[in-house]
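Note sheet for the following structure.
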Amino acid sequence: MKLYYAPGACSLAVHIVAREADLPISLEKVDLATSKTESGVDFKTVNKKGYVPALSLPDGDVMTEVGVLVQYLGDSSPAAQLVPANGTLPRYRLQEWLTFISSEVHKGFSPLWNPATPDAAKQGAKDKLAQRFAYLDEVLAKTPYLMGSQFTVADAYLFTVVNWVNFLGIDITPFANIKAFLERVSARPKVREALAAEGLLPQAA
Ligand SMILES: N[C@@H](CCC(=O)N[C@@H](CS)C(=O)NCC(=O)O)C(=O)O
């Protein structure tokens with residue numbers, strides 16, 4: 001399987017899950033500005049939607065959408081316990097989290113990445129994100145991970161998108177439990193491997 005990714009983008013969630021699940025995947029970096037991959041392929045021929053992540057499956061088909069890809073990889077490695085069993089109530093709870101993260105957090109950041117967004121709209125996006133963070137902070141005050149003591153694919157997704165505060169200069173200190181969550185997840189050996197592979201850890205001198 002090959003994961004098309006951009007360093008630190010939402011594709012990192014899929015990358016983390018692949019490593020946590022001990023699934024062998026190869027990585028192909030995509031330059032989102034030019035839509036070219038590192039081996040010179042026009043990325044639009046891989047994913048017509050033009051965005052990462054895209055996962056090329058063993059049969060050559062391509063699958064997209066973070067919330068689906070993380071479940072697909074989690075289901076491919078049951079021993080890693082990254083997803084509750086299909087058809088159970090906890091699985092719907094996981095999907096509830098994945099949908100919340102996708103629509104309320106991930107896409108809540110979008111205006112902040114766009115240099116053309118007017119300042120007032122940026123402030124509005126930050127205020128809405130702060131509401132979502134307040135809710136997440138309450139949840140994470142009670143449990144180390146979203147679904148309890150077990151790390152799941154939802155945590156990989158939440159970590160990936162909330163970690164963008166560090167690139168956007170958003171102060172997360174009012175949300176101490178989210179801050180602790182980011183530190184907890186980033187300390188996981190497989191997460192560190194993924195961050196290092198994407199060039200997101202400071203290089204040793
Ligand atoms: N609905 C998609 C959204 C993916 C997405 O927003 N990808 C961003 C990076 S985090 C991207 O590649 N943006 C470039 C573009 O939209 O052209 C998913 O959940 O996978």
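Note that ligands are numbered from 1 as they come in the structure, with each ligand's atoms numbered from 1 the same way. For the numbers below, each heavy atom of this structure counts, side chains included, while hydrogens, waters and symmetry mates do not.
- When only non-hydrogen protein atoms are considered, atom 20 (O) of ligand 1 lies nearest to Val66 N, 3.0 Å.
- Residue-ligand proximity: Ser102 is placed with every non-hydrogen atom at 4.0 Å or more from ligand 1.
- Taking distance alone, with nitrogen or oxygen atoms compared against 3.5 Å, Cys10 stays at or beyond that limit from ligand 1.
- Comparing Val70, Val52, Val161, Leu98 against atom 7 (N) of ligand 1, the shortest heavy-atom distance belongs to Val52.
- Atoms OG1 and CD, from Thr117 and Gln123 in turn, are 12.5 Å apart once rounded to the nearest 0.5 Å.
- Heavy atoms from other residues, nucleotides or ligands lying under 6.0 Å from NZ of Lys122 number more than 12.
- Not one N or O on the side chain of Trp164 forms a donor-acceptor pair closer than 3.5 Å with the backbone of Trp113.
- Considering backbone and side-chain atoms alike, Gly67 places every N or O at 3.5 Å or more from each N or O of ligand 1.
- Proximity to Glu65 (heavy-atom distance under 4.0 Å) selects the following atoms of ligand 1: 1 (N), 2 (C), 18 (C), 19 (O), 20 (O).
- Interface of Pro53 with ligand 1, defined as ligand atoms under 4.0 Å from a residue heavy atom, comprises 20 (O).
- At under 3.5 Å, a nitrogen or oxygen of Lys107, whether backbone or side chain, sits near a nitrogen or oxygen of ligand 1.
- The aromatic rings of Phe151 and Tyr145 sit perpendicular, their planes meeting at an angle over 60°, well past the 30° parallel limit.
- Contact annotation for Leu32 and ligand 1: only side-chain heavy atoms (C-beta onward) come within less than 4.0 Å of the ligand.
- Residue-to-ligand polar distances keep Trp164 apart from ligand 1: every N/O pair is separated by 3.5 Å or more.
- Ranking protein heavy atoms by distance to atom 11 (C) of ligand 1, first place goes to Tyr51 CB, 3.5 Å.
- Looking at Ser11, its side chain never comes within 3.5 Å of a backbone N or O of Pro53 through a donor-acceptor pair.
- Side-chain atoms of Glu104 and Gln131 form no donor-acceptor pair, as typed in the model, at a separation below 3.5 Å.
- A 6.0 Å sphere centred on CZ of Arg91 holds more than 12 heavy atoms belonging to other residues, nucleotides or ligands.
- When hydrogens are left out, the protein atom nearest atom 17 (O) of ligand 1 is Gly50 O, 3.9 Å; that is the closest non-hydrogen contact.
- Exactly one of Leu158, Leu146, Val105 qualifies for a side-chain contact (heavy atoms from CB on, under 4.5 Å) with Phe100. That residue is Val105.
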